[in-house]
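To start, the structure under review is shown below, and the notes come after it.
Below, chains carry the letters A, B, ... as their sequence lines are ordered, and counting in each starts from 1.
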Amino acid sequence: MKIATWNVNSLNVRLPHLLGWLAEAQPDVVALQELKLVDEVFPHAALAEAGYQAVSNGQKTYNGVALLARAPLVLEDVSRDLPGFEDPQKRVIAATVGGLRVVSVYVVNGQAVGSEKYEYKLRFLAALRDYLHGELAAHPQLAVLGDYNIAPTPEDSHDPATWEGNILCSPPERAALQALLDLGLVDAYTQPFLPDGRFTWWDYRAAGFRRNLGLRIDHLLLSTPLSARSWKVDTAPRRLERPSDHAPVLVEL
DNA sequence: ATGGTCGGATGCCGA
């Protein structure tokens with residue numbers, strides 16, 4: 001099974017890119033983030049025509065997540081948000097597909113270390129940990145796909161001297177990510193592959209993509225019954241006109 | 001037009 005995660009940064013703008021990429025890459029399951037649209041206008045018809053069923057947890061302007069499954073796979077037992085964590089922001093959706101429990105998560109960016117948004121990020125990650133603890137108990141085969149807004153190691157940024165200790169690369173953020181792994185999840189990237197490139201996000205500013213000034217902040221975390229046979233960033237959509245600032249990441253189970 | 005980029009809304013903010 002081929003699973004993927006992609007922060008599309010506006011599904012309205014990126015729908016043509018998504019449709020082209022689905023036809024090209026043929027993933028079985030896709031987690032999307034930053035839809036920036038509400039469920040009422042989610043493009044179900046266009047995706048159905050492309051062979052994909054979708055469930056969404058949308059929000060206007062900010063956030064919004066979805067899961068796609070390629071027919072004949074079916075998304076079932078859908079749940080939205082983090083139970084017990086009061087939050088108007090739409091950042092989590094989960095479903096079961098072909099015996100696999102899949103979560104699409106858009107972790108808070110956090111803006112700057114020490115800011116109010118940073119505190120919210122750490123609270124969100126703690127609530128996510130509690131939620132995944134329960135998901136894992138109920139569903140041994142669990143894949144948590146998304147934009148975590150955390151670069152796990154210094155090697156996951158293009159310029160550790162600039163990034164270390166700052167937002168996306170601070171020790172408390174990394175500890176929160178490690179706490180998710182400690183539940184019994186493995187970052188598919190850390191399985192022994194030799195990918196050409198590891199970065200999944202490049203800032204729009206300062207020609208970040210052209211200069212490969214990237215970070216690895218999009219992750220596919222797998223429970224131990226699962227194992228990845230491959231891991232790769234597909235940079236093709238990042239090269240198109242009007243791209244998302246993130247590239248899709250694909251893993252074969 | 002909103003500084004430097006983009007998306008979305010109109011609060012220039014959030015990423």
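If you check the side chains of Y148(A) and D187(A), you find no donor sitting under 3.5 Å from an acceptor. Using a 3.5 Å distance cut-off with no hydrogens or angles, the side chains of D234(A) and W21(A) do pair a donor with an acceptor. One side chain, D81(A) or N57(A), offers a donor N or O that lies under 3.5 Å from an acceptor on the other.
Anti is the classification of dG4(B), since its glycosidic angle lies more than 90° from 0.
The separation of dG11(B) from dC6(B), taken at their P atoms, amounts to 24 Å, rounded to a whole angstrom. Taking the C1' atom of each, dA1(B) and dC13(B) are spaced 15 Å apart, rounded to whole Å. Separating the C1' atom of dA9(B) from that of dG14(B) is a span of 12 Å, rounded to the nearest Å. When the P atom is used for both dT5(B) and dT10(B), the distance is 24 Å, rounded to whole Å.
Checked by atom type and distance alone, the side chain of S157(A) never pairs as donor or acceptor with a backbone atom of W163(A) at under 3.5 Å. In terms of modelled atom types and a separation under 3.5 Å, the side chain of R198(A) and the main chain of E155(A) share a donor-acceptor contact. Although no hydrogens or angles enter the test, the distance criterion places no donor-acceptor pair under 3.5 Å between the side chain of Q191(A) and the main chain of S227(A).
Remark: R80(A) pairs with no residue by the side-chain hydrogen bond (donor to acceptor under 3.5 Å, both in side chains) rule, at least two apart or across chains. Listed by chain and number, the residues in a side-chain hydrogen bond (donor to acceptor under 3.5 Å, both in side chains) with E119(A) amount to none (sequence neighbours excluded).
Under the 4.5 Å side-chain criterion, counting only non-hydrogen atoms from C-beta, L82(A) is not in contact with R129(A).
For DNA chain B, each stem of at least three Watson-Crick or G-U pairs (distances under 3.5 Å) is given as range with range: B:5-8 with B:12-15.
Residue K36(A) places its NZ atom among more than 12 non-hydrogen atoms of other residues, nucleotides or ligands, all under 6.0 Å distant.
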B/S/- contact track for nucleotides 7-15 of chain B, protein heavy atom under 4.0 Å: SSS----SB

Compile the donor-acceptor pairs under 3.5 Å between side chains in residues 99-112 of chain A and protein atoms, sequence neighbours left out, one pair per line.
residue	atom	partner	partner atom	Å
R101(A)	NE	E135(A)	OE1	2.8
R101(A)	NH1	D77(A)	O	2.7
R101(A)	NH1	T96(A)	OG1	2.8
R101(A)	NH2	D77(A)	O	3.3
S104(A)	OG	L32(A)	O	3.0
S104(A)	OG	Q33(A)	NE2	3.2
S104(A)	OG	A66(A)	O	3.4
Y106(A)	OH	E34(A)	OE1	3.4
N109(A)	OD1	Q111(A)	N	2.8

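In the region residues 153-177 of chain A, proximity to DNA chain B at under 4.0 angstrom, judged on heavy atoms, holds for none of the residues.
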